[in-house]
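By convention in this document, chain letters (A, B, ...) are assigned in the order of the sequence lines, proteins followed by strands, and residues within each chain are numbered from 1.
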Amino acid sequence: MILGAAAQLRHEAVVAFAHAFVIAALNRQVHDRDSRWVADSLADVVTALRTAEAIGVDLPLMLQCSDDRLHHDGESLDGPSLQARSLLRRCAERGVAMLAFRRGLDAAEVNRLLDLLLLRRNVDALTRCNRDAALTALGIRNVDITLRSVGDPANRRAAIDPEARALHNYQELAEALQHNHGLALRDLELTIDETAAAIERTLADFDEPSHLLALATQDDVDRFTVGHSVRVALLALQVARRMGATRDQLVRVGSAALLHDIGKSKVPQDVLFKQGPLDAAERAAMMQHPRNGAAILLEQREGVDLAAVGAAFCHHMGPTGAGYPDAVAPVRPGGISRLVRVCDVFEALTSIRPYKRALTPIEAYAVMFRDIGEFDPSWLRAFVRTIGLFPDGTRVRLTDGALAVVRSQTTCPEQPIVQLLTGAGDATLAPGQPDHFTIGDTVDGDTLRIASIETQERCVEVPDLDVPPAPTAADACLPGFGPCGAPAHGG
Amino acid sequence: MARPARADSEGMTLRARASRQQTGESFPEAVAQWRLTLRTEVKTTSSLPTSVFHARDATLEAMLAASTEAMLARLQTPSRAANPGAAAVAGQRLERIGVAELQALPLLLRAGGDRPPRIDDHARTEAIGVLADAALGADEAAAATAAELLQERFGIGAGGDRDADAAQLRQHLSAALPADAAGGPALAAIAHAVVDAVAARTAASPAPA
């Protein structure tokens, strides 16, 4: 969908409001009702509503709730939906179809609305005959709640649509992780089995990896760095699967990757989300999170896979153990930790942070190879060859001026298969003109290559990448990587 | 479609924050922020209703809106000639990548001749090192679990001969060191300390025979 600039701004304001509302609900589920964190996030909801109104969004601002997503004006709000699973589930329990927020909403009223939506004792408060009385009793005057019609199949897509299933899986991973971070924060027993079960269910749909990885590029609310951890887990699963890991190994990899930052639940949030540089004491607190994470996992009565403990402890270590934490005894990271480290750094480099812009994948790889000693080179190479120098979905400009999108990988990472969106010089594609080809193929006498990568905010020029004439013995020994030019196995 | 704005810890979107700080915001963001600021200031500094400040001529307002939208749309379309990425947004760092670094990637991917990585590589060495660290340094509950696991899974402290156990542990730990590093007396001391800690913490529950 292409929006005009003004419509785009309004859309972003709605997304920001939905994010704020989801964060407030998450905070209510983790912190005390009257805590500072809840108060701050409630104020953000009110601010976001006012901002939306100022930018021109019509009030009341309506959020529709299906079983798996938030929507506005019939359009799915995928980013805010990623961590909204428990909120959506509670809305579904109460039969809520739509929330309409009006001018005049204040923070206390949002908090009372969340009482209504989240507290177990209010699960029956929104029956048709009770709704108005409940809203009056709680003093909710600036939010209208529309209930679902009887038999409304709000989740009918989930059973048939791979994209909907991928969203569901992502939400499930995020919810499991969010729940465990909240438990760790309060020194309670984690639900490790549920995390492993969520990974198992994700694997069931992992034959559609592009849908999951597409979700991994969505901006979600990075509460407790949950979004980051889910993305790291999805990347790690992709690479491990490509390297021939068994199903049991995949569950271990996924669980370890998902929980690798669990120690951050013990880092003060002022430090974790600080906008500026950290001072020495703050840095020291942050650098404790690997050791804290290992300790949290060791304290679980149910017992936890030692690979997850290792990944929590070692994911800031290079292959020789250099990095942090400064271990008392010599530590050499294991295979899963090495893979998680590669995924962790790649995800960080390709994400927006308050202090930095996002690199494209190929730029991230260049940075990582610059510091090759920080990584196990075999895992780094396996990662790049799995995800691709130009991952699926990347929009590229070719040397003849055509715009194309990367559709799949071949065994040569610099030669993906692309689909043309326009012809040479940006001309319209002629009907019947072949639109899929492999970079490096000769078309009408020209050998086309990728000239630039076009992201939403940047245009990154790509130099001529030398294509070696033949694969080496090293290529041949990597499972799934055959001779140059062949479609990548499973890619 | 543009990526939706990410909410930061204070709930304010990064875009809004960047605009508020007047640090390198794009033109449409600046316009949106300017409109917001203007309306907010009007509301807070004037007793007149906001509508007084709206354009009275609907045609003029529509023309202004259309021309502004067209201008913003052009600004939002990335230029093929220029590389906007070369100019970092003020306040947000952008790593500089050399052309040569990008060009080298295909060869780097083929270099090394390393064998394919394996999930379980170094798993035992990692586990023993992490558990030894926890047994010595973690809080009570984690240290106790680490001691139990060292005894149950790796036989550390199960034999009753602490010197022999320490020698065995030292051998395990030295696997984490580079090939040319022996570890020396320091490693021996660490191994003894870990064995002592395991013995102390598992004394009440001896390992099964």
Side-chain angles (χ1 to χ4, degrees), chain A residues 4-6 8-9 12 15-16 19-20 41 44 54-55 79 219 221 245 249 273 294-295 298-299 306 309-310 313 327-336 352 354 356-357 359 363 365-367 369 377-379 381-382 384 413-414 454 456 458-461 463 465-466 472 474 477-479, chain B residues 1-9 11 13 28 32 36 39 69 72-73 76 78 80 83-85 89 92-95 97 99 101-103 105-106 108-110 112-114 116-123 125-127 129-130 132-134 136-139 141-142 145-146 173 176-177 190:
Chain A
Q8 181 66 47
L9 287 171
E12 290 192 9
V15 169
H19 269 311
S41 60
D44 292 340
I55 284 173
D219 256 330
V221 286
Q249 286 176 324
F273 295 113
L298 280 171
E299 287 167 15
L306 282 178
V309 179
F313 192 88
V328 178
V331 173
R332 174 167 290 220
I336 291 178
I352 298 167
K356 74 164 191 69
R357 299 172 75 187
L359 296 179
E363 292 174 307
Y365 298 143
V367 171
F369 272 105
S378 60
W379 275 117
R381 291 189 178 100
V384 179
E414 65 277 13
E454 300 206 347
Q456 196 61 44
R458 298 174 60 210
C459 173
V460 178
E461 288 181 15
L465 301 176
D466 287 330
T472 65
C477 73
L478 290 173
Chain B
M1 181 186 299
R3 290 159 69 88
R6 182 192 292 266
D8 67 12
S9 61
T13 65
L36 173 62
R39 290 191 183 190
E69 279 212 33
L72 295 183
Q76 285 195 325
R80 283 166 47 195
N83 182 357
V89 174
Q92 276 194 308
R93 182 166 53 81
L94 179 64
E95 190 82 33
I97 317 295
V99 168
E101 289 181 284
L102 297 179
Q103 279 178 316
L105 283 172
L108 286 170
L109 285 174
R110 287 163 173 75
D114 20 88
R118 293 186 190 130
I119 298 292
D120 289 326
D121 277 351
H122 310 292
T125 307
E126 174 188 76
V130 171
D133 183 274
L136 290 177
D139 60 27
T145 306
L173 293 175
L177 296 170
I190 290 169

**Request:** Counting only heavy atoms closer than 4.5 Å, note whether A/Y365 contacts chain B via side chain, backbone, both or neither.
**Result:** both
**Side chain / backbone / both / neither for B/L136 at chain A, heavy atoms under 4.5 Å** = side chain
**Request:** With a 4.5 angstrom heavy-atom cut-off, could you sort out which part of B/A127 is near chain A: side chain, backbone, both or neither?
**Result:** side chain
**Prompt:** Less than 4.5 Å apart, any side-chain heavy atom of B/I97 and any of B/L102?
**Reply:** yes
**Prompt:** Would you say A/R381's side chain and B/L108's backbone share a donor-acceptor pair under 3.5 angstrom?
**Reply:** yes
**Contacts of type side-chain contact (heavy atoms from CB on, under 4.5 Å), residue A/A295, not counting sequence neighbours** = A/E299, B/A142
**Item:** Leading residue by heavy atom contact count with chain A [cutoff under 4.5 Å; candidates B/D120, B/V99, B/T125]
**Value:** B/D120
**Request:** Show your working on side-chain contact (heavy atoms from CB on, under 4.5 Å) between A/I55 and A/E12 and close with a plain yes or no.
**Result:** CA-CA 10 Å; A/I55 284 173; A/E12 290 192 9; over 6 Å; no
**Request:** Pick one of side chain, backbone, both or neither for B/L173, based on which atoms fall under 4.5 Å of a heavy atom in chain A.
**Result:** both
**Prompt:** Who wins among B/D133, B/D121, B/T145 for the most heavy-atom pairs under 4.5 Å with chain A?
**Reply:** B/D133
**Shortest non-hydrogen contact from B/A132 toward A/A329** = CB-CB, 3.8 Å
**Item:** Partner residues of A/A245 under the side-chain contact (heavy atoms from CB on, under 4.5 Å) criterion, sequence neighbours left out
**Value:** A/A240, A/Q249, A/L250, B/I119
**Asked** Is chain B contacted by the side chain of A/I336, its backbone, both, or neither, given a heavy-atom distance below 4.5 Å?
**Response** both
